[in-house]
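Convention: sequence-line order gives letters A, B, ...; per-chain numbering from 1.
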Amino acid sequence: MIDFRDVVLDALTSALANTDGAPDRAGLAKALSHPKDQSMGDLAFPAFPLAKALRKAPPAIAAELGATITAALAPDGAIARVEVVGPFLNFFAAPGVLLADLLRSLDDGSFDSFCHADERERVMVEFSQPNTHKVFHVGHLRNVAVGDALQRVYRARGHDVVAANYYGDFGVDVAKCLWWLKHEDVGTPPAIGRGAWLGKAYAATTARLEELKEKDAVAFEALHTELRAILADIKSGDTEMARLYAETRQWCLDEFAEVYGWLDVHFDTDFFESELEEPGHAIVDEYLAKGVFEHSQGAIVCMLDAYDLGPALVRKSDGTSLYLTWDLVLARRKFDEFGVQRSLYVVGAEQTFHFKQLFATLERMGYERAVDCRHVAYELVMLPDGKMSSRKGKVIPFFELRSALRDAIDSKMRSAERGSRDDWTEEQWETTIDRIAVACLRYGMLSVSNTTRVIFDIDAWTNLEGESGAYLMYGLARISGIFAKASEDPRSAAIAKGDLAAAATLAPAFGAEAERALLTHLLRYPRVLAQVEAQADPSFLASWLYDGAKLFSRFYHDCPVLKAEPDLMGARLALVRAAERVLSGGLRTLGVEPVAQM
RNA sequence: GCGCCCGUAGCUCAGCUGGAUAGAGCGCUUGCCUCCGGAGCAAGAGGUCACAGGUUCGAAUCCUGUCGGGCGUACCA
């Protein structure tokens, strides 16, 4: 696999080989940038950084370098030509050479390995972490979209990935839900959306407690005592409450499975909060004995003054444990049982302090690999009129959201004038609608960076015109159309089935800007994956995909494929094939499965 | 008070390890289907990149400060 960037760096380093004070290869690489405009080349080198060392004006340096490099260019190399524009040195890629190489690399697998990280590691990506007995809403979907895209990118980068889920299936909130079910008339649970239904019970008890806190301290305490009793009941196993817990918990787990199935999300391992209580006590005792943890104000803490993080509470004064305690247990299992080298936690930004404390505590416990733990923080999902609130019922539950998306796409497809779907089976309709819905949802969540709040506007997200997940799929559907059409005509069929890599080489250089722009965009894909990994932010992939779809649309409009002369048709078919392979690979890495027709 | 995040077009956001004329979508105005799929393409209008200093050949991008918004800051999860 040829890396155009490497080729350009080679040319620059050898041109500067005998120049004192010239930057090394890494320095040159840092200076390389993309020209503002495709007509100005594919990679640019500004000569400013050399001005001091060479004691010459940047335009003069650029002119000299340009001449040296041009003289050394191989006739069939990856660099077609070099242009000097003032202080800039603009490199133009040779499309035939790079396209042919790209197609061969896609076929023999070297493209995939080119995407791999230098060091391939065992990485755990923990994400989703849904709570049972509570409503699962759009806010939770951002976590799933980010986490799943990240774990897919890590796999594409060649890492050995463990995707982990962590269910919040125990605790006082669960008891609040069960208490309401037991004491109030709740009717019968619905067939769909039982998690949301249980969530209402939880919210009702929470509201009751707040009310009592103001008015009736005795009743407030009494209710708390009842909640603790419920938790004890659940643990004891064979009680009516334990059976109610098991049943309602299973409803929620079944619904989560439905959500993940619809989104095509898979976990390699599941953790449950309900299993961490006992080991949590053990780990606190152990490190208390070792002197790492200490007593403080009736509770047990890990002092983190050295990290400027205060004391981290690991056991409350009533003897019960907390989130942090359970995360210590999980971290130990991740290191010791799973042998992970790196550990990612995809959790909302409001937990930043918690994870700082967690990682510092792990360090104090002697886990050196704590430095390879990373909190992937993302911002909240907001509604157009403000923050979501499950207590006020101001949320969009998953099942409502899914119906809304499906309905919008269904009506869009039925009203579309183009596209013959008369022969579609009911199953094809359903599959296609679901894939587009997932694409819109995932793209909507991932098109902004982790640190930006997402505004979930159901009207905007179901508008399929313009920038949306559907647009990303549209280009690939058109590509399928091109190959379907090509196979109908013997002349184009022969070319399409032939050696497209050879066709790419033999064809004349692309004349249209849209062709070169699309090709060079495809070649950037491996760097985009590396960037996503480095920043732990899938939005770079999402925007690369959007730009790719945009460039393909322009190409599609400007450059007819099947009506071109044979040589050009071959080259364009080669480009279309490469676009299909790279863009669909990228789309799947974002978690979106393309369709041949839509 | 302290810590983290954010402030770019009417709206929603890219661009931020410094580089050429600050981009996209929505909305508004206007062209383009006998054509490989119009879920599209092209054009127009719309900007003191919150503000003030600093660093340098060059700042939306880096540093400092101010203002504005969000979140967090041991017995919730």
Reckon [X] touches a base, only the sugar-phosphate, or nothing at all at heavy-atom distances under 4.0 Å?
| X | result |
| --- | --- |
| L464(A) | base |
| P35(A) | base |
| A486(A) | nothing |
| S553(A) | sugar-phosphate |
| N450(A) | nothing |
| M40(A) | base |
| P49(A) | base |
| Y556(A) | base |
| F456(A) | nothing |
| C302(A) | nothing |
| V448(A) | sugar-phosphate |

Can you tell me which nucleotide in [options] comes closest to the side chain of [X]?
| X | options | answer |
| --- | --- | --- |
| Y474(A) | G38(B), A24(B), A20(B) | G38(B) |
| Y546(A) | G15(B), A24(B), A39(B) | A24(B) |
| E467(A) | C36(B), A24(B), A39(B) | A24(B) |
| I436(A) | A24(B), G40(B), A39(B) | A39(B) |
| L562(A) | C41(B), G3(B), C36(B) | C36(B) |
| K485(A) | A42(B), C26(B), C36(B) | C36(B) |
| I455(A) | C4(B), U12(B), C41(B) | U12(B) |
| K563(A) | C41(B), A39(B), C35(B) | C35(B) |
| T451(A) | C13(B), C5(B), A39(B) | C5(B) |

Please confirm whether the ring centroid of [X] lies under 6.0 Å from the ring centroid of [Y].
| X | Y | answer |
| --- | --- | --- |
| W180(A) | Y202(A) | no |
| F91(A) | F45(A) | no |
| Y166(A) | Y345(A) | no |

Do the numbers put R249(A) on top of the ring of F272(A), so that NZ or CZ is under 6.0 Å from the six-membered ring centre and no more than 45° off the axis?
yes

Can a cation-pi geometry be assigned to R478(A) and Y556(A), taking NZ or CZ under 6.0 Å from the six-membered ring centre and within 45° of the ring axis?
yes

Would [X] and [Y] pass as an ion pair if we require N to O under 4.0 Å?
| X | Y | result |
| --- | --- | --- |
| E465(A) | K412(A) | yes |
| D318(A) | R228(A) | no |
| E580(A) | R577(A) | yes |
| D547(A) | K550(A) | no |

Ignoring backbone atoms, test whether [X] places a side-chain nitrogen or oxygen under 4.0 Å from the OP1 or OP2 oxygen of [N].
| X | N | value |
| --- | --- | --- |
| T352(A) | G3(B) | no |
| K550(A) | C41(B) | yes |
| T452(A) | A14(B) | yes |

What does nucleotides 70-77 of chain B look like as a protein-contact string, B for base, S for sugar-phosphate only, - for none, at under 4.0 angstrom between heavy atoms?
SSS-BB-B

[atom1]-based separation of [M] from [N] [nearest Å]:
| N | M | atom1 | answer |
| --- | --- | --- | --- |
| C11(B) | C49(B) | P | 16 Å |
| G15(B) | A22(B) | C1' | 8 Å |
| U61(B) | G44(B) | C1' | 30 Å |
| C63(B) | C16(B) | P | 15 Å |
| A60(B) | U55(B) | P | 16 Å |
| G46(B) | G23(B) | P | 14 Å |
| C57(B) | A43(B) | P | 38 Å |
| G25(B) | U21(B) | P | 23 Å |

For the pair made of CZ in F555(A) and P in C41(B), what is the distance, rounded to whole Å?
14 Å

Taking CG from L54(A) and P from C57(B), how many angstroms apart are they, rounded to a whole number?
16 Å

Glycosidic conformation of C57(B), taking syn as within 90° of 0 and anti otherwise:
anti

Calculate, to the nearest 0.5 Å, the distance between atoms CG and CD1 belonging to L405(A) and I458(A) respectively.
5.0 Å

Taking for each residue the nucleotide of RNA chain B with the nearest heavy atom, is it S543(A) or T432(A) whose nucleotide lies nearer the 5' end?
S543(A)

5' precedence on RNA chain B between V561(A) and S33(A) (nearest-nucleotide basis)
S33(A)

Could you list the donor-acceptor pairs under 3.5 angstrom formed between side-chain atoms of residues 466-473 of chain A and any protein atom two or more places apart in sequence or on another chain?
from: E467(A); atom 1: OE2; to: Y443(A); atom 2: OH; distance (Å): 2.8
from: S468(A); atom 1: OG; to: A470(A); atom 2: N; distance (Å): 3.2
from: S468(A); atom 1: OG; to: Y471(A); atom 2: N; distance (Å): 3.4
from: Y471(A); atom 1: OH; to: S553(A); atom 2: OG; distance (Å): 3.4

Check if the side chain of N463(A) and the base of A39(B) share a donor-acceptor pair of N or O atoms closer than 3.5 Å.
no

Begin with the C-alpha distance, continue with both residues' side-chain angles, and end with the deciding distance and a verdict on salt bridge (Lys or Arg N to Asp or Glu O under 4.0 Å) for R315(A) and D285(A).
CA-CA 10 Å; R315(A) 182 180 294 167; D285(A) 289 339; 3.0 Å; yes

Side-chain H-bond candidate by donor/acceptor type, D305(A) with Y307(A), under 3.5 Å:
no

Under 5.5 Å and under 30°: F48(A) stacked on G58(B)
no

Under a 3.5 Å cut-off on both pairing distances, which runs of 3 or more consecutive Watson-Crick or G-U pairs involve RNA chain B?
B:1-7 with B:67-73, B:10-13 with B:23-26, B:28-32 with B:40-44, B:50-54 with B:62-66

